[in-house]
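Structure first, commentary second.
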Amino acid sequence: MPELAEVEFFRKRWNPGAGQAVVRALLHPHAGVFKESATPALIRERLAGAVLLSSEAAAKQMIFRFSGDGWLGIHLGMTGELSVQPPNHAPGKHDHLVLAQRDRCLVFTDPRMFGRVQFSTGASAPAWWTGIAPAILSPAFTAESVAAFLKRRARAPVKAVLLMQERFPGIGNWMADEILWRAAIHPRRAAGSLDAAEIRALHRECRHVCRRALATIGETFADPPRSWLFPHRWEDGGRCPKTGVPLVREEIGGRTTCWSPGRQREP
DNA sequence: TCCTATGTTGTATG
DNA sequence: ACATACAACATAGG
């Protein structure tokens, strides 16, 4: 489920616990989602008694800062979620991390276990956080940087290139399709074949889709409007909201991709 | 039973 | 060394 805006939405779900101490950290015995740097013993020891100070989201990741120089990183993978549960919450089958506070439990759930938990200590944010590529809505995300990246990945389909987090942090399968649909670029086009106007459109729509997704999904998890590709892409018999033409679905770059033949020309 | 799923990563191949 | 393609990870639901 989670791309840029869904991650931001889930990050805020733990806000009720900000300023509050963790009484106890409960970890799933299987420990499948914990990175080597985040050994269960270290997390239990460092988070017990620590106060949740603040949090941030970037790309598809979140970081939670705790007193005592603790930095907790969470990646939601394909099916991860954060939630707040009552203080007596009994961890469920897929609850990997439960931070019990006096008045609530902060819970990380992920049935499919593609998510990951990291943990570091130190006075400043760890490298796995500071090394995330500059946000698409930051000034560093320029049309020139997009052009240079497309040139280096010239032979790959542009759909696959949009999924590369090193240049398009936070973009996932549905956002990539939404961006290409708005920019009127066929997902199978070779990245190196885009002309200057297409690259500008791609850059512009990356920013537009990120901004609008954060304003809707990122705030309330509300579905984007029917004028987007999003609500039509998985519908049987779904039609392009701009042209009325039936949408097409096919695997491109290893992922199911949806586009509108009405506005995205075959390469 | 078989297929799909809003993600990443390791490995093989060019 | 670099770019690209693809299987693998684990689970639930249609």
Side-chain angles (χ1 to χ4, degrees), chain A residues 1-11 28-38 57-62 73-82 92-96 108-118 128-129 131-133 136 148-182 187-193 206 209-210 212-214 216-218 220-224 228-238 247 249-259 267:
Chain A
M1 177 183 287
E3 299 178 25
L4 183 79
E6 292 91 347
V7 170
E8 170 63 2
F9 175 79
F10 284 125
R11 176 190 70 83
H28 196 291
H30 179 254
V33 301
F34 298 97
K35 300 277 274 194
E36 285 142 35
S37 63
K60 298 174 189 171
Q61 306 195 59
M62 298 169 281
I74 296 184
H75 190 298
L76 296 171
M78 196 90 97
T79 52
E81 277 188 37
L82 299 191
K93 187 178 174 187
H94 303 303
D95 293 348
H96 300 287
F108 165 49
T109 307
D110 181 15
R112 216 168 147 187
M113 288 178 46
F114 290 171
R116 287 295 176 263
V117 174
Q118 315 212 54
W128 50 257
W129 180 255
I132 295 172
I136 288 174
F149 193 75
L150 294 179
K151 196 171 177 185
R152 192 148 64 83
R153 308 290 184 163
R155 300 172 60 169
V158 62
K159 164 66 184 274
V161 173
L162 271 179
L163 295 175
M164 295 178 180
Q165 301 299 296
E166 60 197 279
R167 178 51 63 191
F168 302 99
I171 301 300
N173 203 28
W174 80 256
M175 289 182 90
D177 286 357
E178 193 78 35
I179 289 161
L180 291 169
W181 173 74
R182 289 188 55 93
R188 205 187 292 284
R189 292 274 303 281
S193 75
C206 279
V209 170
C210 284
R212 294 304 307 156
L214 284 167
T216 55
I217 299 168
T220 64
F221 216 71
D223 279 341
W228 287 38
L229 177 65
F230 181 96
H232 308 275
R233 51 178 281 125
W234 297 126
E235 272 177 9
D236 253 351
L247 295 168
R249 286 197 294 261
E250 202 174 301
E251 185 164 303
I252 298 177
R255 307 295 299 278
T256 301
T257 299
C258 177
W259 73 91

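Naming convention: chains lettered A, B, ... in sequence-line order (proteins, then strands); numbering from 1 in each chain.
- Remark: side-chain polar atoms of His28(A) are not paired, donor with acceptor, to backbone N or O of Gly92(A) under 3.5 angstrom.
- The side-chain heavy atoms of Trp259(A) and Leu229(A), taken from C-beta on, include no pair separated by under 4.5 Å.
- Atom pair Gln61(A):CD and dT9(B):C1' shows a separation of 14 Å (rounding to whole Å applied).
- The distance between atom CD of Glu166(A) and atom P of dT9(B), rounded to the nearest whole Å, is 11 Å.
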What nitrogen or oxygen pairs link the protein and nucleotides 4-7 of chain C at under 3.5 Å?
| from | atom 1 | to | atom 2 | distance (Å) |
| --- | --- | --- | --- | --- |
| dT4(C) | OP1 | Arg153(A) | O | 3.4 |
| dT4(C) | OP1 | Arg155(A) | N | 2.9 |
| dT4(C) | OP1 | Ala156(A) | N | 3.2 |

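- Taking 4.0 angstrom as the limit, Arg112(A) places none of its side-chain polar atoms (N or O) nearer than this to OP1 or OP2 of dA5(B).
- Met78(A) has its CE atom 13 Å from the P atom of dT9(B), to the nearest Å.
- Of the candidates dT8(B), dT11(C), dC9(C), dT11(C) carries the atom nearest the Met113(A) side chain, counting heavy atoms from C-beta on.
- The aromatic ring of Phe114(A) does not sit over the base of dT8(B), since the test of centres under 5.5 Å and planes under 30° is not met.
- Between His96(A) and Phe34(A) the shortest heavy-atom distance is O-CZ, 3.4 Å.
- For Gln165(A) (side chain) and Gly170(A) (main-chain N/O), a donor-acceptor pair under 3.5 Å exists by modelled atom type.
- When the side-chain nitrogen and oxygen atoms of Lys93(A) are compared with OP1 and OP2 of dT11(C), none of them lie within a distance under 4.0 Å.
- Taking a pair to require two hydrogen-bonding distances under 3.5 Å in either a Watson-Crick or a G-U wobble arrangement, dA1(C) remains unpaired.
- Considering only side-chain N and O atoms, His94(A) lies under 4.0 angstrom from the phosphate OP1 or OP2 of dA12(C).
- Taking atom CH2 of Trp128(A) as the reference point, atom P of dT8(B) lies 15 Å away to the nearest angstrom.
- Among pairs with a residue in residues 152-166 of chain A, those fulfilling salt bridge (Lys or Arg N to Asp or Glu O under 4.0 Å) read Arg153(A)-Glu166(A), Lys159(A)-Asp177(A), at least two apart in sequence or across chains.
- When atom types are taken as modelled, the side chain of Gln61(A) and the backbone of Gly73(A) share no donor-acceptor pair closer than 3.5 angstrom.
- When each of Thr79(A) and Lys60(A) is assigned the nucleotide of DNA chain B with its nearest heavy atom, Thr79(A) is the one assigned upstream, toward the 5' end.
- The interatomic distance linking Asn173(A) (CG) with dT4(B) (P) rounds to 14 Å, in whole Å.
- Heavy-atom minimum distance, Ile171(A) versus Glu3(A): C-OE1, 4.2 Å.
- Comparing dT8(B), dG7(B), dA12(C) by their closest approach to the side chain of Gln165(A) singles out dT8(B).
- A 3.5 Å limit on both hydrogen-bonding distances identifies no Watson-Crick or G-U partner for dA10(C).
- For the pair Leu163(A) CG and dA5(B) P, the interatomic distance rounds to 13 Å; values are reported in whole Å.
- Of the side-chain N and O atoms in His75(A), one or more sit less than 4.0 angstrom from OP1 or OP2 of dT8(B).
- Rounded to an integer number of Å, the gap from Glu251(A) CD to dG7(B) P is 14 Å.
- Checked against dA12(C), dT8(B), dT4(B), the side chain of Thr256(A) finds its nearest nucleotide in dT4(B).
- Scanning all heavy atoms of the two residues, the minimum distance from Ile252(A) to Pro157(A) falls at CG2-CB, 4.0 Å.
- Atom pair Asp110(A):CG and dA10(C):P shows a separation of 12 Å (rounding to whole Å applied).
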